[in-house]
Amino acid sequence: GEIAILRDLASPITVAVVTNIGPTHLEFFKTIKAIEKEKREIFNTKYKIKRVGPFPGNDPDKENKEAARAVGRALGINVNKFQYERPKMRLEKLFKEGINIINDTYNANPHSVAAALAYLQQFPGQKIFVFGDMGELGGDGIVLHQQVGEQAKNMGINKFYACGQLTEHSVNSFGDNAQHFADQTSL
């Protein structure tokens, strides 16, 4: 893990936020329990750290805004005029040729994909999900990709397009109206 090294480089830390603990980086940590242990390292320090959160709900924007506001308050910053800007490629809304596009392509993982699907589900009209391989999932990669296909189908996604080796499992679990492409160009 790297959190202890980064924590020590950044010390003294006064505020720390752990946004979630889920099936990311399993290639390196093997289990979610090991990921949790690694993330807890941020709090293993001689300095007093203010903990903020959790921020329950199914709205990543709201959760991130609340986390940022809590950090601001913990640091004594006036958050009344707070401006939150969503990071690029995280539930980024684009509008092109009459089509709403939600770009959530930054380092996708099972949690971020579930959030993107829930976000997509809120919009009216036909829903098309374009999916690429999620990396660093280790031996759970196939099952986690299958689950994305099942989840998309259960959430009423109309069409599912994918490219990447692991996404073949997503396409198979989605079933009808899913198509796998060999590469991004053919997609």
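The figures that follow rest on heavy atoms only: side chains count, while hydrogens, waters and symmetry mates do not. Given the structure is predicted, the values throughout are model-derived calculations rather than measurements.
- The environment of Tyr106 atom OH is sparse: at most 12 non-hydrogen atoms of other residues, nucleotides or ligands sit within 6.0 angstrom.
- Residues Asn44 and Glu41 bring a donor and an acceptor atom of their side chains to less than 3.5 Å of each other.
- Around the CG atom of Asp176, the shell of radius 6.0 Å holds no more than 12 heavy atoms that belong to other residues, nucleotides or ligands.
- Transitive grouping of hydrophobic side chains (ILVMFWY, heavy atoms separated by less than 4.5 Å) brings Ile42 and Ile35 into a common cluster.
- Using modelled atom types, no side-chain atom of Lys93 and backbone atom of Leu91 make a donor-acceptor pair closer than 3.5 Å.
- Proximity of a side-chain donor or acceptor of Asn158 to a complementary backbone N or O of Lys127 within less than 3.5 Å is detected.
- Note that the CD atom of Glu36 and the CZ atom of Arg40 stand 4.5 Å from one another [nearest 0.5 Å].
- Every side-chain hydrogen bond (donor to acceptor under 3.5 Å, both in side chains) that Glu92 has, sequence neighbours left out, goes to Asn103.
- For Gln126, the CD atom counts as densely surrounded, since its 6.0 Å shell holds more than 12 non-hydrogen atoms of other residues, nucleotides or ligands.
- In this structure a side-chain-to-backbone donor-acceptor pair under 3.5 Å is missing from His180 to Gln165.
- Defined by atom type and a distance below 3.5 Å, a donor-acceptor pair is missing between the side-chain atoms of Asp8 and Ser11.
- Side-chain contact between Asp140 and Pro23 is absent, with no heavy atoms from C-beta onward closer than 4.5 Å.
- Within the model, atoms CD1 of Ile77 and CZ of Arg69 stand 12.0 Å from one another, a figure rounded to the nearest 0.5 Å.
- The distance from atom CG of Leu117 to atom CZ of Phe160, rounded to the nearest 0.5 Å, is 7.5 Å.
- The hydrophobic clustering, which links ILVMFWY residues whose side-chain heavy atoms are closer than 4.5 Å, places Val18 and Ile32 together.
- Summarising the geometry, atom NZ belonging to Lys65 is positioned 10.0 Å from atom CD belonging to Gln83; distances are rounded to the nearest 0.5 Å.
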Determine, stepwise, if the pair Leu166 / Met134 fulfils side chain to side chain contact (heavy atoms under 4.5 Å, CB included). CA-CA 8 Å; Leu166 290 171; Met134 298 180 289; over 6 Å; no

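- Judged purely by atom type and a 3.5 angstrom limit, Thr31 uses its side chain to pair as donor or acceptor with the backbone of Ala34.
- Side chain of Glu38 to backbone of Ile3: a donor-acceptor contact under 3.5 angstrom is found.
- Linking ILVMFWY residues whenever their side-chain heavy atoms come closer than 4.5 Å, directly or via other members, leaves Ile101 and Leu120 in distinct clusters.
- Among the candidates Thr167, Thr105, Val171, Ile157, the single residue satisfying the side-chain contact (heavy atoms from CB on, under 4.5 Å) test with Phe131 is Thr167.
- Of all heavy-atom pairs spanning Phe43 and Ala16, the tightest one is CE2-CB, 3.8 Å.
- Judged by distance alone, with hydrogens and angles left aside, the side-chain atoms of His145 form no donor-acceptor pair with the main-chain N or O of Asp133 at under 3.5 Å.
- Annotation: Lys39, atom NZ; neighbour count of heavy atoms from other residues, nucleotides and ligands within 6.0 Å is above 12.
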Side chain to side chain contact (heavy atoms under 4.5 Å, CB included), that's the test. Do Asp104 and Arg90 meet it? Break it down for me. CA-CA 4 Å; Asp104 193 57; Arg90 275 287 185 218; 3.5 Å; yes

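- Here the straight-line distance linking atom CD1 of Ile99 with atom CD1 of Ile128 works out to 7.0 Å at 0.5 Å rounding.
- Tyr119 and Phe123 have perpendicular rings, their planes meeting at more than 60° on a 0 to 90° scale where under 30° would count as parallel.
- Residues Ile21 and Leu137 share a hydrophobic cluster, clusters being chains of Ile/Leu/Val/Met/Phe/Trp/Tyr side chains in contact below 4.5 Å.
- Of all heavy-atom pairs spanning Ser173 and Gly149, the tightest one is OG-CA, 3.3 Å.
- Other residues, nucleotides and ligands place more than 12 heavy atoms under 6.0 Å from the CG atom of Leu187.
- To the nearest 0.5 Å, atoms CD (Glu150) and CG (Asn172) are separated by 11.0 Å.
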